[in-house]
Amino acid sequence: MSQIKIKGDNMDSVELARFLTAMTLAVHIIFATIGVGMPLMFAIAEFLGIRNNDPKYITLAKRWSKGYTITVAVGVVTGTIIGLQLSLLWPTFMQMGGHVIALPLFMETFAFFFEAIFLSIYLYTWDRFKNKWTHFWISIPVILGGSFSAFFITAVNSFMNTPAGFEMKNGKMINVEPWAAMFNDSFLVRSFHVVATALMTMAFVLAAVAAFKLLKNKFAQDTEYHKKALKLTMILGLIFTLGSMLAGDMSAKFLHKEQPEKLAAYEWHFDTESKADLVLFGTLDEKTQEVSGAIKIPGVLSFLADNNFNTKVKGLDEFPKELRPPMIVHYYFDLMVFMGVFCMVVSGAYVMTLVFKKLKKFTYSKAMLYGALLTGPAALLAIEFGWFLTEQGRQPWMVRGYLKVADAATQAGGLTLVTVLFALLYIVLIVTSSYVLIRMFKHKPAYKDVEKLKQERGDLS
């Protein structure tokens, strides 16, 4: 396969480019996750409010959508920065494949504007329609816009993992088939994973807010409101967590067939064998390739790879050392799985208290509320570790099989100052948006909004 080489490789520039890109993605993924997950959450709340004639659910939808506008604004900034950094930091990649990823990048922008237009209509048309369902239907384009935005940007990332739809000639991609490039082999699996984990994360972030309010409730009249928020988000959180685990299982099977070196690195699987063990936790001596302190579950890696304990799983011994992903990815995998399982256990325990009468006394116990409070940070960390896992897992490739990261990075100087300036910008964005969100609701109890809504809609009980 063809590769592009750059003479006089400057590792400082490469490392700085990687660090700056990683920092940008780490910040953007938080707001992108909210952008995908939040519209469905406030749409479900409004649906329940209309169907049950419940002003508390309507108020939930109103307050959630109001807060969502702040994160959308910040997401626009960080998303734009990513687009600019592709040209600034990875000019060789853009020269070689910029025209191939142009379609999904354009479609992602279109999907965002589509979402933004209908979000504006949604926010400014509360109580403007005689039929209450009319306003609810406006949320559907918002959900679709956020989801399709995620699909199209994931298509770009998937192309870098499983490139398709072109011919390589003299270091350039020619005879491009845009749709084949966009809907490459990993697109469906990765898109499902991205959307499922975004919904899961958003549910638990909102559950954490509700749990915090119940633990530190300054307004007794808000108790029932926050209990309904917690019940809704924890149930949805459990459903979306199960969906995320299904997506993870599908991803493992895909990697086994298409990117076996990535799966082997995730699991510190060095020797090709059947009945391969699933390795959890532990530490690795990279010189001797010895793993210590790990939990090894016999045959489970083979089963995850192909639903058969006897499946032969390729080990890292079949790949040259220079083409192996960094072994640190195993730690990301462990942390991601641990955080996901924690969220599943807490939400599962909560749902059990709703199902069994003998357990109802634990539904809003302090232990349960503190557990729910921790699911928010845990889910966000799982998202971050998941992205570090998948991005470092395809190293050393920028475009797998065609272009290495070291060959794709800019050779320009001055990246240190740029990195510092972007870091300051991200700190300002995160602190400012967090401050605005806190101030937006800190001294505004929900019960006042509920009472106001009751007065406006005399038919609501």
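Listed by first and then second residue, the side-chain hydrogen bond (donor to acceptor under 3.5 Å, both in side chains) pairs involving residues 420-430 are T24-Y426 (not counting sequence neighbours). Note on residues 182-205: pairs passing ring pair (Phe, Tyr, Trp, His ring centres under 6.0 Å), not counting sequence neighbours, are W179-F183, F183-F187. Sorted by first and then second residue, the salt bridge (Lys or Arg N to Asp or Glu O under 4.0 Å) pairs involving residues 386-398 (not counting sequence neighbours) are E391-R394. Residue pairs meeting the salt bridge (Lys or Arg N to Asp or Glu O under 4.0 Å) criterion with at least one partner in residues 364-380, sequence neighbours excluded, do not occur; the list is empty. Sequence neighbours left out, not one pair with a member in residues 236-245 passes salt bridge (Lys or Arg N to Asp or Glu O under 4.0 Å). Applying the side-chain hydrogen bond (donor to acceptor under 3.5 Å, both in side chains) test to residues at least two apart or on different chains, the pairs with a partner in residues 326-338 are H330-D334, Y332-Q392.
The two residues L374 and P377 come nearest to each other via the heavy atoms O-CD, 3.3 Å. The minimum heavy-atom distance between W126 and E46, with the atom names listed, is CZ3-OE2, 3.6 Å. In this structure, V142 and E115 approach most closely via the heavy-atom pair O-CG, 3.6 Å. Scanning all heavy atoms of the two residues, the minimum distance from G393 to V329 falls at N-CG1, 3.8 Å. Looking at every heavy atom in both residues, M38 comes nearest to L206 through CE-CD2, 3.8 Å. Summarising the geometry of E108 relative to S149, their closest heavy-atom pair is OE2-OG, 2.8 Å, with the distance given to 0.1 Å.
Within the model, atoms CG of L188 and OG of S158 stand 9.0 Å from one another, a figure rounded to the nearest 0.5 Å. Separation of atoms CG (N131) and CD1 (I50) is listed at 8.0 Å; rounding is to 0.5 Å. The line from CG of L238 to CE of M352 is 10.5 Å long, rounded to the nearest 0.5 Å. Between I82 atom CD1 and L88 atom CG the span is 13.5 Å, to the nearest 0.5 Å. Atom CG of N161 and atom CG of D185 lie 11.5 Å apart (nearest 0.5 Å). Between the CE atom of M344 and the CE atom of M245 there is a distance of 4.0 Å, given to the nearest 0.5 Å.
A distance of 6.0 Å or more separates the ring centres of F113 and F110. Taking the centre of each ring, F118 and Y122 stay at or above the 6.0 Å mark.
Partners of F385 by ring-ring contact (aromatic ring centres under 6.0 Å, His included), not counting sequence neighbours: none found. The ring-ring contact (aromatic ring centres under 6.0 Å, His included) test applied to Y364 returns no partner, not counting sequence neighbours. Considering only residues two or more places apart in sequence or on other chains, W90 meets the ring-ring contact (aromatic ring centres under 6.0 Å, His included) condition with none of them. With sequence neighbours left out, the side chain to side chain contact (heavy atoms under 4.5 Å, CB included) criterion links F129 to T125, T134, H135, I138. Qualifying ring-ring contact (aromatic ring centres under 6.0 Å, His included) partners for F31, counting only residues two or more places apart in sequence or in other chains: none.
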Item to check | Y68/M41 under side chain to side chain contact (heavy atoms under 4.5 Å, CB included): CA gap, chis, key distance, verdict | outcome: CA-CA 11 Å; Y68 176 56; M41 298 302 297; over 6 Å; no
Next on the checklist: Please evaluate residues W387 and V194 with respect to the criterion side chain to side chain contact (heavy atoms under 4.5 Å, CB included), reporting the C-alpha separation (whole Å), side-chain torsions for both, the decisive distance (0.1 Å), and the verdict.
Outcome noted: CA-CA 10 Å; W387 273 102; V194 165; 4.0 Å; yes
Checklist entry - Can you list the steps and then say if K227 with L214 is a side chain to side chain contact (heavy atoms under 4.5 Å, CB included)? => result CA-CA 8 Å; K227 282 184 176 181; L214 288 170; 4.0 Å; yes
Next on the checklist: Could you go through D54 and L48, starting from their C-alpha distance and side-chain angles, then the distance that decides it, and tell me whether this counts as side chain to side chain contact (heavy atoms under 4.5 Å, CB included)?
Outcome noted: CA-CA 7 Å; D54 190 330; L48 292 173; over 6 Å; no
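Ring geometry for F166 against Y402 counts as perpendicular: the plane angle is over 60°, on a 0 to 90° scale with 30° as the lower cut. Between W133 and W137, the two ring planes are tilted [angle within 30° to 60°].
Counting heavy-atom neighbours within 6.0 Å of K360 NZ, excluding the residue itself, gives a total above 12. The local environment of NZ in K253 is crowded, with over 12 non-hydrogen atoms from other residues, nucleotides or ligands closer than 6.0 Å. Annotation: F342, atom CZ; neighbour count of heavy atoms from other residues, nucleotides and ligands within 6.0 Å is above 12. Counted within 6.0 Å of CZ on F212, heavy atoms from surrounding residues, nucleotides or ligands total 12 or fewer; the atom is thus considered open.
For S433 (side chain) and I430 (main-chain N/O), a donor-acceptor pair under 3.5 Å exists by modelled atom type. Counting only distance, with no hydrogens or angles, the side chain of S302 and the backbone of N308 share no donor-acceptor pair below 3.5 Å. The backbone N or O of L105 sits less than 3.5 Å from a side-chain atom of T109, completing a donor-acceptor pair. Put simply, the side chain of H256 never gets that close to the backbone of D306: no donor and acceptor are under 3.5 Å apart.
Contact of the T375 side chain with the Y350 side chain is not registered, since no non-hydrogen atoms from C-beta on lie closer than 4.5 Å. A heavy-atom distance below 4.5 Å is not found between the side chains of S186 and E258. Looking only at side-chain heavy atoms (C-beta outward), Y370 and L373 come within less than 4.5 Å of each other. Taking 4.5 Å as the limit, every side-chain heavy atom of P163 sits out of range of all side-chain heavy atoms of N184. Put simply, the side chain of I44 does not reach to within 4.5 Å of the side chain of Y57, judged on heavy atoms. Side-chain contact between T363 and L359 is absent, with no heavy-atom pair separated by less than 4.5 Å. In this structure, K262 and Y266 have side chains that are in contact, with non-hydrogen atoms separated by less than 4.5 Å. Counting heavy atoms from C-beta on, the side chains of F112 and V76 come closer than 4.5 Å.
A salt bridge links R400 with E261: the closest approach of a Lys/Arg side-chain nitrogen to an acidic carboxylate oxygen falls below 4.0 angstrom.
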Indicate every side-chain donor-acceptor pair of residues 93-104 with a distance under 3.5 Å to a residue at least two apart or in another chain.
residue : atom : partner : partner atom : Å
H99     : NE2  : M173    : O            : 2.8

